[in-house]
Amino acid sequence: MKTAITELFGIEHPIIQGGMHYVGFAELAAAVSNAGGLGLITGLTQKTPELLAKEIARCRDMTDKPFGVNLTFLPSFTAPPYPEYIAAIKEGGVKAVETAGRSPEEYMPALKAAGIKVIHKCTSVRHSLKAEKIGCDAVSVDGFECGGHPGEDDIPNMILLPRAADELKIPFVASGGMADARSLVAALSMGAAGMNMGTRFVATKEAPVHDNVKQALVKATELDTVLVMRALRNTERVLKNEGVKELIEIEREKGAGLKIEDILDQVAGVYPKVMLEGDMDAGAWSCGMVVGLINDIPTVKELIDRIMDGAERIIRQRLTGFLDGVSTASAPARAIA
């Protein structure tokens, strides 16, 4: 399948693995890239630019396909040494960067000078247009369904994607709620040129996380995520657990007076405990509503292959069948994953 995204990044399939803290290591990024998608190393999981350089080299040993790095821009008072991280990306020969968080405008000259294609994660059309204006090559349009930070507008992808298609000139991918062939076809039909999957890739054999995490995702339903930190305007969608219950109780008690210091025990240093040690109740960790569509733990290649095969069947058989007057009752959409 060829789209503007496959052409932009030189990949076979229009599927991107989103950057995820303590998940986006070389093993997963290489597996996604080897399967024809675009794998991403999560830059800030590596504590220093030197460690990121080593992780890029490790990924390079695992794949000869294009892969990228996620670089999340944090508030200025906690800013890591971004120029050094960008230098490590450049010196590692990486040609794709997914930016997230604050605007990457300050760092765009360095990224573009290195010949790096930039896709910025946005939760609104207005932010997507700003990304386009500052020179981003593409955007990842992140709907309200997504794990992690969905922004503060609460716009789901059924509205957000068509709005993005109406306004943007650069290509975009759909992020949030993406899990299978149906997700990809729906995203394409609404104007996207591909899709970004985060939570779904955690439940794969190559994802370098504790098996407790994968089993929790298979067990959970679409009703098992919750939004936290709304009072701080730092809303995050996370999987319900005992630590999150404590966080929500604190939020109820503090109300509008909530401060980040009040919930540090439930949000700080949680990812290593969950992803590496398997402590599922340690606190808040990002998980999308798409968890309701996760029923197994395939290899990355099995997952991507069945998405692409299923998407072709949906387009050629089910959708074309409607136009041709052919009954599709014997091949319900839910059977194509």
Side-chain angles (χ1 to χ4, degrees), residues 16-24 40 42-45 69-80 82 97-105 118-131 136 138-157 159-161 163-164 172-178 195-202 217 222 224-241 243-244 247-248 251 258-260 262-264 266-271 274-275 282-291:
I16 297 174
Q17 166 241 320
M20 294 173 284
H21 203 33
Y22 278 88
V23 179
L40 295 177
T42 305
L44 296 189
T45 295
V69 171
N70 163 276
L71 204 53
T72 297
F73 292 104
L74 302 171
S76 57
F77 59 87
T78 58
Y82 288 115
V97 165
E98 176 194 61
T99 55
R102 295 171 66 88
S103 171
E105 183 171 10
V118 177
I119 179 168
H120 186 56
K121 183 168 285 190
C122 302
T123 60
S124 70
V125 173
R126 65 184 181 280
H127 293 150
S128 300
L129 288 169
K130 176 64 182 297
C136 291
V139 291
S140 180
V141 177
D142 222 11
F144 183 60
E145 307 92 331
C146 74
H149 300 281
E152 308 301 325
D153 293 341
D154 300 357
I155 308 297
N157 268 329
I159 306 301
L160 190 57
L161 297 178
R163 284 287 297 116
F172 65 94
V173 298
S175 183
M178 302 292 115
M195 68 179 182
N196 177 302
M197 297 196 303
T199 303
R200 186 60 187 96
F201 275 127
V202 181
L217 295 179
E222 66 274 16
D224 290 323
T225 71
V226 65
L227 298 173
V228 296
M229 297 191 287
R230 303 220 78 173
L232 301 175
R233 293 191 63 79
N234 188 33
T235 302
E236 183 175 5
R237 186 178 298 283
V238 300
L239 192 70
K240 294 176 183 177
N241 60 45
V244 170
L247 191 162
I248 291 172
E251 288 185 329
L258 180 74
K259 296 182 175 61
I260 188 64
D262 299 324
I263 55 173
L264 275 181
Q266 290 77 29
V267 300
V270 169
Y271 278 85
V274 175
M275 299 299 172
W285 57 281
S286 297
C287 179
M289 294 174 75
V290 74
V291 70

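For the single chain, residues carry numbers from 1 onward in sequence order.
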How long is the span from the [atom1] atom in [X] to the [atom2] atom in [Y], to the nearest 0.5 Å?
| X | Y | atom1 | atom2 | result |
| --- | --- | --- | --- | --- |
| N196 | S140 | CG | OG | 4.0 Å |
| E236 | L247 | CD | CG | 9.5 Å |
| N234 | M229 | CG | CE | 4.5 Å |
| I119 | F172 | CD1 | CZ | 10.5 Å |
| C136 | K121 | SG | NZ | 13.5 Å |
| K259 | L264 | NZ | CG | 12.5 Å |

Report, as yes or no, whether the 6.0 Å neighbourhood of atom CG on L232 holds more than 12 heavy atoms from other residues, nucleotides or ligands.
-> yes
Counting distance only, does the side-chain N/O of [X] pair as donor-acceptor with the main-chain N or O of [Y] below 3.5 Å?
| X | Y | result |
| --- | --- | --- |
| N241 | G283 | yes |
| T199 | G288 | yes |
| R237 | F144 | yes |
| T72 | A100 | no |
| Q17 | L40 | yes |
| E152 | T235 | yes |

Give the C-alpha distance, both sets of side-chain angles, the deciding distance and a yes or no for side-chain contact (heavy atoms from CB on, under 4.5 Å) between E145 and N157.
-> CA-CA 8 Å; E145 307 92 331; N157 268 329; 3.7 Å; yes
Going through the checks in order, is the side-chain hydrogen bond (donor to acceptor under 3.5 Å, both in side chains) test met by H21 and T42?
-> CA-CA 6 Å; H21 203 33; T42 305; over 6 Å; no
Could you tell me whether K130 and E105 make a salt bridge, using a distance below 4.0 angstrom between a side-chain N and a carboxylate O?
-> yes
Heavy-atom closest contact (Q266 atom, G243 atom, distance) = CG-O, 3.4 Å
Begin from the C-alpha positions of L44 and Y82 and carry the test side-chain contact (heavy atoms from CB on, under 4.5 Å) through to its verdict.
-> CA-CA 10 Å; L44 296 189; Y82 288 115; 3.9 Å; yes
Does the pair S286 and Y271 meet the rule for a side-chain hydrogen bond (donor to acceptor under 3.5 Å, both in side chains), with working shown?
-> CA-CA 9 Å; S286 297; Y271 278 85; 2.9 Å; yes
